[in-house]
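Remember, it's 1-based here, ligands and their atoms both numbered in the order they're listed. Residues: numbered from 1 along the sequence shown.
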Amino acid sequence: MSETLKERKEKLFSQPKNGYDRMSKQEEPKMEAYCTAYRKFLDNGKTERECARYAIAMAEAHGFTAYHRGMELKSGDKVYTCNRDKSVMLAVIGEKSLAEGIHVVAAHIDSPRLDLKPIPLYEDSELAYFKTHYYGGIRKYQWVTIPLEMHGVVALKDGTVVPVVLGEGDEPKFVITDLLPHLGAEQNKKPLGEAIPGENLNILLGSRPVGGEDDTDRVKFHVMEKLFDKYGITEDDFTSAELEVVPAAMSTEIGLDGSLLGAYGHDDRVCGYAGLQAILELEHPQHTAICMLADKEEIGSMGVTGMQSAAFDTFIHDLCDSQNVPLRECFENSFCLSADVTAAYDPNFPEVYEKRNSARVNYGIALCKYTGSRGKSGSSDASAETVAFVRRVLDDADVVWQIAELGKVDLGGGGTVAMFMANRNIATLDAGVPVLSMHAPFETVSKLDCYMTYKGCKAVYEA
Ligand code: MN
Ligand code: MN
């Protein structure tokens, strides 16, 4: 029987389809339940420390135990380790030897934000402020005139670590002020990137003085008194503090159809949660499954808690020791899905995207063969064979996926943890959820893409 022209064309041409035309109706309640649980993760994790703590609580509820060096491990065992309260690694020991490699999903749980400077508190014109230093790639103009919260820790000289949460729930929130349009004529002429200088990102803390008219710094004193009463901290303690200013908004459904999710910190908690939820459900994977929730990706993956830290190698080395397998043998047979978000095509800004190669909302988890900028600079560029492996794994598991680049070639770019995994001699491919207004205080993703990313992570662990 000869093919008709139409059949032949269908066979030869790629047929991209909206995920809602590909996902079975029976999966929709699962998608909704998954997204409801993801929203809880977001609302309980506005900093990397909070995400790490919540992830560990989830892991323990699913039978994971804290790993100790030298622990005997057998297939099916579930362990986790936490690096300095900011990064979590989870493992489910596989049926196969570690010599046959691990299957890793690596995501990051830090997000762009405003950190406090080491000497943050001051008073000006009888108003009290905190000076901030932004963390990661932010568009500064987006952070003014929105309600803000502060989360973090103050480490005291005696070693006590005091957790601090200010502005949550019904508590008073914070704000960075901006010019009124009536006086904004000069500011209006500036490029967006210059209109709000970094040194203007000062958090308004209060206005009510204490003490008598002859006293000085009365508002600053009031603020410091409140902090002392609540947390027992003094101004010098800011020196050894990590206080992060984050948007006060909670996650919410977006759109009349409720098909999208708006929240702070989708990048990259949306993939972190996908990798986490998927590993919690694993029972007896062939390869040892590893979920890596890294810190410091937004500033280059440096530092003891970033993906470049030896903490990852140390943990896998320890696991390998339990089977007398050399780490280098494990790594060279491993696969890593670098699970990080990418830019979703935004019809409001068609000029920055190359439409044929852009990730689209509701087209599923987006694979990125390479990231980087211009001539793929700073990209690990996965091999064709690695992409083929992932195509097969995702198709076999009915995962809706797409392949994409970030935007127009000459315009910009970005990186993920992929290169740091690939540098370890682990075959690595980027994949993740397409995001609208990525790195904004309030980012938007589609429920279908979130769910498909979770399914994709599960398929990789189980491959
Ligand atoms: Mn990211
Ligand atoms: Mn990012």
task = Using the Mn ion (ligand 2) as the apex, give the angle to atoms OD2 (Asp267) and NE2 (His439), rounded to 10 degrees.
result = 90°

ask   = Once the angle between the rings of Tyr454 and Tyr34 is folded into 0 to 90°, is it parallel (under 30°), tilted (30 to 60°) or perpendicular (over 60°)?
value = parallel

inquiry  = Parallel, tilted or perpendicular, judged at 30° and 60°: which one describes the rings of Phe335 and His103?
reply    = perpendicular

ask   = With a cut-off of 2.8 Å, does Cys271 place any N/O/S atom under that distance from the Mn ion (ligand 1)?
value = no

ask   = Can we say Glu244 and Arg113 salt-bridge, meaning some charged N sits less than 4.0 Å from an Asp/Glu carboxylate O?
value = yes

request  = Could you tell me whether Lys25 and Glu28 have a side-chain N and a carboxylate O separated by less than 4.0 Å?
outcome  = yes

inquiry  = When you measure from the Mn ion (ligand 2) to the N, O or S atoms of Glu298, does any of those distances fall below 2.8 Å?
reply    = yes

query = Relative to the Mn ion (ligand 1), which of the N, O or S atoms in Asp340 is the closest?
reply = OD1

